[in-house]
> 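Got a structure here, written out as structure tokens. Questions coming.
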2 protein chains.
Amino acid sequence: MATKTQDLKAIEKISKALGDRNRLNILQHITKKGGCAQCSEIHDIIDLAQPSISHHVKILTEAGLIEPEKEGRNFKYTLNTSVLNDYLKFLEKLKND
Amino acid sequence: MATKTQDLKAIEKISKALGDRNRLNILQHITKKGGCAQCSEIHDIIDLAQPSISHHVKILTEAGLIEPEKEGRNFKYTLNTSVLNDYLKFLEKLKND
DNA sequence: TTGATATATTTAAAAACTTCAATGTATTTA
DNA sequence: TAAATACATTGAAGTTTTTAAATATATCAA
């Protein structure tokens with residue numbers, strides 16, 4: 001079963017989102033927190049200006065890897081396990097072809 | 001068990017290597033060929049000039065995803081399953097933290 | 001409503017990436 | 001040895017990405 005062009009685009013986007021040290025740190029922080037965290041916490045941990053963090057979070061969100069949920073003044077970000085699983089499946093398939 | 005900085009660098013490099021449509025196509029071609037292929041075949045399948053393909057293959061090689069093996073005048077590229085597995089393990093861990 | 005906090009957007013500059021033409025190197029074949 | 005084939009490297013143009021300052025918006029608290 002060949003991979004659709006559309007799927008490949010998603011894979012490309014997810015890979016790109018994962019291809020940055022800061023975004024990997026953000027992801028790790030979110031998952032360590034039990035799958036969710038706030039932007040302000042991230043700011044404490046990563047040495048970047050606030051707009052940069054906002055930008056990285058946006059890229060992770062647009063790739064579908066995390067999902068934002070508004071909680072009053074803050075945001076809660078949750079790892080999207082099903083998107084990650086689809087990505088893993090694609091990579092697994094490379095081994096079995 | 002926290003991810004070492006060194007490991008994170010490797011993860012970043014692999015993700016970056018995977019973050020390009022052409023490189024994904026090259027990888028898929030190699031794996032479909034039973035885990036190995038020659039540069040010249042890739043040239044037939046992907047619409048890029050030879051130096052571009054050489055460049056992409058180099059990036060995949062430097063990330064450790066494929067391994068080159070000289071075969072006379074040609075090259076044979078093989079998927080490095082163990083590097084891919086380490087990458088998969090890292091991503092799996094994100095889910096279980 | 002005013003001030004404070006959390007996050008997003010715009011803009012602009014620097015850095016990194018992609019691509020290809022030109023050229024170089026290694027190997028095979030005639 | 002000369003020509004042909006396979007791949008690498010260099011250099012340069014165009015594109016994308018990263019970052020932060022400035023600014024905007026939304027919500028909470030007083």
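Just so it is clear: chains get the letters A, B, ... in the order the sequence lines come, proteins before strands, and each one is counted from 1. Both backbone and side-chain heavy atoms feed into the values below; hydrogens, waters and symmetry mates do not.
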> Nucleotide by nucleotide, 5' to 3', does protein get under 4.0 Å of the base (B), only the sugar-phosphate (S), or neither (-) in nucleotides 12-23 of chain C, counting heavy atoms?
-----SSBBBB-
> Over how many whole Å does the gap from A/His43 atom NE2 to D/dT19 atom C1' extend?
13 Å
> Who are the salt bridge (Lys or Arg N to Asp or Glu O under 4.0 Å) partners of A/Glu69, not counting sequence neighbours?
A/Lys76
> Tell me, please, which residues at least two apart from B/Glu62 pass side chain to side chain contact (heavy atoms under 4.5 Å, CB included).
B/Lys13, B/Lys58
> Starting from C1' on D/dC7, measure out to NZ on B/Lys76 and report it in whole angstrom.
17 Å
> Given atom CG of A/Asn74 and atom C1' of D/dC28, what is their separation to the nearest angstrom?
10 Å
> If you check every side-chain atom of A/Tyr77, which of D/dT27, C/dA8, D/dA8 has the closest atom?
C/dA8
> Would you kindly give the CD-to-C1' distance between B/Glu12 and D/dT18, to the nearest whole Å?
12 Å
> Rounded to whole angstroms, how far apart are NZ on A/Lys58 and C1' on C/dT9?
7 Å
> Could you tell me how far apart A/Ile66 (CD1) and C/dT7 (P) are, to the nearest whole angstrom?
12 Å
> Applying the side-chain hydrogen bond (donor to acceptor under 3.5 Å, both in side chains) test to A/Lys95, which of B/Thr31, B/Thr81, B/Asn85 qualifies?
B/Asn85
> In residues 45-52 of chain B, what donor-acceptor pairs under 3.5 Å come from side-chain atoms, sequence neighbours left out?
none

> Rounded to the Å, how far apart are A/Leu60 CG and D/dT17 C1'?
14 Å
> With sequence neighbours left out, write down each residue that passes side-chain hydrogen bond (donor to acceptor under 3.5 Å, both in side chains) with A/His55, or none if nothing qualifies.
none
> With A/Lys89, which residues qualify under salt bridge (Lys or Arg N to Asp or Glu O under 4.0 Å), at least two apart?
A/Asp86
> Take atom CD1 of B/Ile53 and atom P of D/dT9, then tell me their distance rounded to the nearest Å.
16 Å
